[in-house]
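Note that the coordinates shown come from a computational prediction; the quantities given were computed from them, not determined experimentally. Every number for a ligand or one of its atoms is a count from 1 in the order of the listing.
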Amino acid sequence: MNAHTSVPHATRPWWESGVVYQIYPRSFQDGNGDGVGDLEGIRQRLDHVADLGVDAIWLSPIFPSPMADFGYDVADYCGVADIFGDLDQFDALLEAVHERGLKLLLDFVPNHSSTEHPWFIESRSSRDNPKRDWYIWRDPAPDGGLPNNWTSDMGGPAWAFDAHTGQYYLHTFLTEQADLNWRNPEVRKAMTDVLRFWFDRGVDGFRIDVMWHCIKADGLPDNPVNPDFRPEMGEKFMVLQHHSANQPEVHQVAHSFRQIADEYGQRLLVGEICLPVEQLVRYYGDPDTPGVHLPFNFQLLDAPWNAQALARIITDYEAALPPGGWPNWVIGSHDAPRIAGRLGEAQARVAAMLVLTLRGTPTLYQGDELGIGRVTIPPDRIRDTQDLRQPGLGLGRDGSRTPMPWDDSLNAGFSATEPWLPLNDDWQARNVAAQGADPSSMLNFYRCLLRLRRDCKALNCGDFALLPGDHDVLTYERREDGQRLLIALNLTDQPRKLIIPADATVAERLLSTLTSIGGEGVLAPNEGVVLRLESK
Ligand code: GLC
């Protein structure tokens with residue numbers, strides 16, 4: 001048996017047993033009839049979130065922005081974009097969230113600002129401007145070319161030339177997103193003030209955007225060329241980001257964020273970090289210099305869907321966690337293809353059961369609770385710059401950002417006007433109202449699963465152990481205070497044997513991904529179950 005024990009906490013922080021739900025504000029609910037979602041719309045739809053049974057909402061960026069990267073290009077860290085509302089509406093939303101016993105996390109984007117941020121406008125105004133060094137400026141190479149070989153994650157070089165001052169600035173993402181210089185203490189101070197601004201307003205934490213990028217190697221040396229590069233991967237992969245990301249000093253930055261969060265108490269920091277597990281877990285920090293509470297674990301987003309691969313991912317991840325490091329699992333996001341698009345609806349249910357019964361904090365993404373699948377965006381409706389700048393590579397993220405379908409009325413109840421992105425093709429049947437009325441729907445399955453998770457300590461904070469299962473059945477046990485739950489997930493569309501531990505009998509079948517269940521000792525095709533065991 002491969003067991004992982006949850007360290008008992010006298011007062012367990014809320015996020016350990018909690019579930020995070022990501023809202024993409026442009027696409028949740030339009031409250032003012034302009035085709036784009038906003039804060040007032042989110043406030044109107046909070047009952048959906050509360051009824052679902054999650055604990056916290058993470059909002060993708062809501063700040064003033066030219067929207068070149070839909071808010072991940074921030075032009076004012078302490079305001080609200082007109083298109084989303086204003087600070088009063090934010091306060092009203094926060095209050096309404098708290099009234100429902102939910103928490104609210106914002107998205108903090110420290111690596112880069114919009115080139116329309118006043119800091120960058122000052123910085124680019126002259127070489128001797130006091131804010132020049134707030135960003136990363138370099139002279140052209142001696143031959144007049146780029147300062148180094150770094151490529152942007154959005155394609156093309158990571159450098160843009162500013163003719164006015166004769167230097168290049170670094171942009172890891174779009175040219176409209178200039179990288180801040182985190183080696184400059186004034187930048188650190190200014191960004192610390194941003195965290196305080198929102199903590200003082202009452203937000204419960206942050207998801208921290210691309211935090212492994214924040215510090216670059218001194219001297220900005222060339223990155224090694226990627227020997228395995230193929231054009232269909234996107235230009236980001238032309239070089240290996242050895243010097244442009246994941247530098248040792250980034251952990252001091254993470255620790256400085258944590259110190260502020262700790263001053264306020266019970267505030268959560270989730271770091272967006274896309275690195276192999278052994279490097280990812282370093283972002284938990286050390287006992288003396290803790291980092292973020294939850295470095296996002298994205299492995300399920302593209303895991304091979306078979307029991308052996310999943311078991312390996314879970315085992316390796318659990319083994320890599322530092323003492324006291326709390327696990328977390330992500331099943332969808334505004335950047336990743338929809339899980340139901342990748343696996344089909346039947347296995348998307350199994351995936352939901354997996355993410356909500358593993359040890360650790362799950363992050364769910366809006367619309368996955370309806371099983372929205374792959375949405376094809378007609379070429380003239382593409383909005384994602386990542387897609388527009390490297391067309392034809394399938395890098396577009398619009399398909400995961402389509403508006404929430406609420407009912408079968410005009411524009412699915414999302415907006416009084418045509419939404420900024422098309423709806424899922426099947427919105428007339430696949431929407432919150434229709435699924436709410438159907439006991440066997442994905443939505444009601446999610447609600448049951450979340451209720452079960454909330455009610456069973458074994459699920460939300462118990463120990464975890466993988467068990468042997470039939471071929472392509474992922475089987476594990478969760479235990480707490482004498483309660484034993486067995487989870488068996490049939491990852492195939494064929495019947496499989498249900499193997500029960502020799503020292504137990506099944507006391508109760510608590511939940512199945514299906515309404516018609518397999519017989520005794522059997523899992524139906526695509527069936528996942530949660531069973532209560534009794535020790536013999
Ligand atoms: C993160 C965001 C993504 C954005 C990028 C640049 O990965 O999730 O949407 O494009 O950062 O800010």
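- In this comparison of I208, D69, V210, L174, the heavy atom closest to atom 4 (C) of ligand 1 sits on D69.
- The aromatic rings of H293 and W15 lie tilted to each other, with the angle between the two planes from 30° to 60°.
- In this structure, Q390 contributes its side chain and E235 its backbone to a donor-acceptor pair below 3.5 Å.
- Here the heavy atom of the protein found nearest to atom 9 (O) of ligand 1 is D335 OD1, 2.8 Å.
- W420 CH2 to D398 CG: the interatomic distance, rounded to the nearest 0.5 Å, is 6.0 Å.
- Per-residue contacts place R397 under 4.0 angstrom from the following atoms of ligand 1 (heavy atoms of the residue considered): 3 (C), 4 (C), 9 (O), 10 (O).
- Of all protein heavy atoms, the one closest to atom 7 (O) of ligand 1 is E272 OE2, 2.8 Å.
- Atom numbering of ligand 1 starts at 1 in the shown order; those under 4.0 Å from a heavy atom of H334 are 2 (C), 3 (C), 8 (O), 9 (O).
- Taking the six-membered ring where tryptophan is involved, the planes of Y21 and F28 are perpendicular, since the angle between them exceeds 60° and thus also 30°.
- Ligand 1 lies less than 4.0 angstrom from a heavy atom belonging to R207.
- Contacts of R401 with ligand 1, taken as heavy-atom pairs under 4.0 Å, involve the side chain alone.
- The line from CD1 of I42 to CG of L59 is 5.0 Å long, rounded to the nearest 0.5 Å.
- Residue M154 approaches ligand 1 through these ligand atoms, each under 4.0 Å from one of its heavy atoms: 10 (O).
- Residue L240 comes nearest to P227 through the heavy atom pair CD1-CD, 4.4 Å, listed as atom of the first residue, atom of the second, then distance.
- Ring geometry, H334 versus Y72: the interplanar angle falls under 30°, so the pair is classed parallel (tilted spans 30 to 60°).
- To the nearest 0.5 Å, atoms NE2 (H213) and CE (M211) are separated by 11.5 Å.
- Contact between Q386 and ligand 1 is absent, with no heavy atom of the residue lying under 4.0 Å from the ligand.
- Atoms of ligand 1 lying under 4.0 Å from any heavy atom of H112, numbered from 1 in the order shown and given with element: 6 (C), 12 (O).
- At a 4.0 Å cut-off, at least one heavy atom of D209 sits close enough to ligand 1 to count as contact.
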